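Only one structure is covered here, and it is reproduced in the block below.
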Amino acid sequence: MNQPMELDLLAQLNPSQRQAVEHFTGPLLVVAGAGSGKTRALTYRLANLVLQHRVDPENILAVTFTNKAAREMRDRVERLFADYLAQKLHNQPYGSLGLDVQTKLRSRVYHTYTKPLWVGTFHSLCAKILRFDIEKYQDERGRRWQKNFSIFDESDVQSLFKQIVLKDLNLDEKKFDPKSVRYAVSNAKNQGQTPEDLLREQPNYRGRVIAEVYSAYQGKLAENNALDFDDLIWLPVQLFRQNQQILDYWHRRFCHILVDEYQDTNRTQYELVRLLVTNGQQRVQDWQNRSIFVVGDADQSIYSFRLADFTILLEFQDQFGDRLPDDDTRTMVKLEENYRSTENILQVANHLIENNTERIDKVLRATRGAGEAIFCYKAADEVDEAQFVAEKIVTLVQQNPDLDWGSFAVLYRTNAQSRALEEALLGRIPYLIVGGLKFYDRKEIKDTLAYLRVLLNPADTVSLLRIINVPKRGIGKTTIESLLAASQELGIPLWEIISDEAAAATLAGRAAKSIHQLVKLLQKWQGEVETTSALDILEGILEESGYRADLQNQGTDEAQDRLENLEELFNAVSQFQETNEDISLAGFLANASLASELDNLQEGQQAVSLMTLHAAKGLEFPVVFLVGLEQGLLPHARSINDIRALEEERRLCYVGITRAREQLFLSHATQRRLWGDREPAIASQFLAELPPELITSNIKRQSKPLKQNATASQDWQIGDLIMHNAFGVGEVTHIFGSGQKISLAIHFPQMGKKIIDPKIAQLRKVDR
DNA sequence: TCCAAGGTCCTTTTT
DNA sequence: GGACCTTGGA
């Protein structure tokens, strides 16, 4: 048969990569350090399955954690297939073909290879499975869903919890904060627990209440024919457990499963993968024509707050593999050569991560030269820090013809840090904020999508309530309350009430006419859902609901912004229709609920990237700025007193450092605005963990951030910065008493003012 | 029913 | 410094 795979895919690989790429059937764990060619191993191996081993693309499932990663994998695989076909059909590289030939080839690649391939996030793939099979599922209380279900976002979910906790169950807000209850329920789903499981595990009062809320919440979701993000994964798992026939089907369908960022899987996601691979058995009996291929790096596990559990990766050998020691195993391969960063950057990264206790030993070997020293900038405050970043970028671009704006990334711990940076860059340097304020979270977009969701799923009362009086049509609170009361009383969705003309007329009184008009509008477009394109429906709704006219009448700058965002929504719909060959409203809505960002619409554009460390995972840049290296920020205040959380912060820092190819800049400020107030800040403990000989700085000597204990009264002065074990960093504002009998009033940014006896509390003086 | 003013809490990170 | 909620007046 054809040999070009041999030539193209395997030639430039090192032996470990080659082993990964050539892997055909059976289990394989690829431990892939940062910059070790992980994506390459994944995509080449996928292409190799199809081209070399003749696996039907339909039988392959490739799972990622972010849409960005999914998109990239799809693009890169597509490119490989295109290269292959170009060579086979035209005997020349894809790049040297004429434009029209390229287009033709791409279309062929799409239809033969990438369209039948399932590549996506856990959430999008599960949503797809549910659109086939959700109607065969019922939960432990017999609740059912239909395949036109809505996917509720975090704010929809929050308001449901508020309603249940504060109104329906009338619980004490102090004891059962809706947010913490919501968190507990989410955790349960991510650990694969039903309300009953939760009750069994926590038979105390709190457990009982949370289980009750959990169950009530699922009831509410079912009433709305809606699911939350966690359900998208948790439901298929339960469905597969209760219905072997359905599992059989998907097990047979997905013979080859690839999982990227395996260290980020949680127990429920793992269970999903396990069910698909084993068909529900203890072990896989027959690996013929079947494989599980996972790629991950425990040092880059940064999602434990979402219940990601990197021990799942550590257990792979035990669950699927041959259980042999590392030297003999045939089911694990380590990629340890780093092709991305200079040696200096790598050493700094290695040095830092060695401070973690919870990890598997893995060496990152440099393949490149030493490179430049790492520079650490000590800034006066966040404005000065941002100024430094901006000026450095300008200088580097002027000095270095290889660099353009797109070569730079500025990484930070929290989204709030982006503002100061934006202000420094604005007007001087083009920049792009990745993530952050999400397009689909904007009010006008959410309103519009709520209209569309109601068309598709009239039972979605949450969305219906969102738009029932938007734009204002005189349907006030009292009217809505009485309609809702009737809906509760009769146990039917709000939509059924308002679309019953007689019922609406009696209940709504003065507002009856408005309701009737709204119902007529929605009914008209409900009739079009199957036959009309998403784009036309969107246009019709915005026009006929008066939503657009309302914004136009306002005439404010803000309204203008909103109108422009709606324009963007049109672009998003038409882009979706083009790339997915799917013009249905259902298709677009499913996609929109799961899309987290409308960024890299224009990939590779010339702009500095601003993003959180979490968003940066998987990316690389020639020059990286890692800002805000301060106690309380990185490591974050909430993680500072818990060793495991602290280690995750360290991994986060490690992820940031390893994004850099050529140059790395670190920075911290001695003062920072927090919630509008100026607060003192001290350098991150992580800075002290870096090898000083590799770091240069704008201050003479890298001072150790923590000084020895000091307890005698003469050691304290107003204005001193101290570190308290529980409260973090604070500033001394008063000293009471004298000699050995003193107390200190200390202001902590997060906690406010505390009176503390320095002989009792563990206090350390720290440098400014 | 609507709107403006003032108060409260807040922020980790994301599908 | 800002999103979100409650409140009181028109």
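Throughout, protein chains are lettered first and strands after them, A, B, ... in sequence-line order, and every chain is numbered starting at 1. This is a predicted model, so every value here is computed, not measured.
Summarising the geometry, the separation between CZ on R71(A) and C1' on dT15(B) is reported as 14 Å, rounded to the nearest angstrom. Distance L626(A) CG to dT13(B) P: 16 Å, rounded to the nearest Å. L633(A) has its CG atom 11 Å from the P atom of dT13(B), to the nearest Å. When rounded to the nearest whole Å, the span between CD1 of I302(A) and P of dT15(B) equals 11 Å. One interatomic measurement links the two molecules: CD of Q158(A) to C1' of dC9(B), which rounds to 14 Å at whole-angstrom precision. As rounded to whole Å, 16 Å separates atom C1' of dC4(C) from atom CG of D156(A). In this structure, CG of L307(A) is placed 13 Å from C1' of dT13(B), rounded to the nearest angstrom. One can place CD of Q417(A) at 11 Å from C1' of dT13(B), the figure rounded to the nearest angstrom.
The phosphate of dT11(B) has OP1 or OP2 within less than 4.0 Å of a side-chain N or O from K179(A). In this model, the phosphate group of dT14(B) is approached by a side-chain N or O of N415(A) to a distance below 4.0 Å at OP1 or OP2.
Between the CG atom of N457(A) and the CD1 atom of I151(A) there is a distance of 11.0 Å, given to the nearest 0.5 Å. Between the CD atom in E382(A) and the CG atom in D384(A) there is a gap of 9.5 Å [rounded to 0.5 Å]. Interatomic distance, C653(A) SG to L666(A) CG, rounded to the nearest 0.5 Å: 7.5 Å.
Ionic pairing of D381(A) and R673(A) is not present here: no N-O contact between side-chain nitrogen and carboxylate oxygen is shorter than 4.0 angstrom. A salt bridge links K443(A) with D447(A): the distance from a Lys NZ or Arg NE/NH1/NH2 to an Asp or Glu carboxylate oxygen falls below 4.0 Å. Remark: R453(A) engages D156(A) in a salt bridge, criterion side-chain N to carboxylate O under 4.0 Å.
Contact of the D561(A) side chain with the E564(A) side chain is registered, since non-hydrogen atoms from C-beta on lie closer than 4.5 Å.
Among the protein residues, F65(A) comes within range of the sugar-phosphate backbone only, with heavy atoms under 4.0 Å from sugar or phosphate atoms but none that close to a base. Within the 4.0 angstrom heavy-atom criterion, no nucleotide atom of any strand lies near R673(A). Nucleic acid contact class of K443(A) (heavy atoms, under 4.0 Å, all strands): none.
Relative orientation of the F588(A) and F576(A) rings is perpendicular, given thresholds of 30° and 60° on the angle between their planes.
The six-membered or imidazole ring of F305(A) lies away from that of H636(A), with a centre-to-centre distance of 6.0 Å or more.
In this structure, a donor-acceptor pair under 3.5 Å is present between the side chains of D133(A) and W250(A). Using a 3.5 Å distance cut-off with no hydrogens or angles, the side chains of K617(A) and T66(A) do not pair a donor with an acceptor. No side-chain donor-acceptor contact under 3.5 Å links D309(A) and Y270(A).
By the criterion of a centre-to-centre distance under 5.5 Å and near-parallel planes under 30°, the ring of F122(A) forms no stack with the base of dT15(B).
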Nucleotide by nucleotide, 5' to 3', does protein get under 4.0 Å of the base (B), only the sugar-phosphate (S), or neither (-) in nucleotides 1-6 of chain B, counting heavy atoms? SSS---

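The stretch residues 613-621 of chain A touches DNA chain B through H614(A), each having a heavy atom under 4.0 angstrom from the strand.
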Starting at the 5' end of DNA chain B, write a dot or bracket for each base, bracketing those in Watson-Crick or G-U wobble pairs whose two distances are under 3.5 Å and using | for partners on another strand. ||||||||||.....

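Of the candidate nucleotides dT11(B), dG2(C), dT13(B), dG2(C) has the atom lying nearest to any side-chain atom of R419(A).
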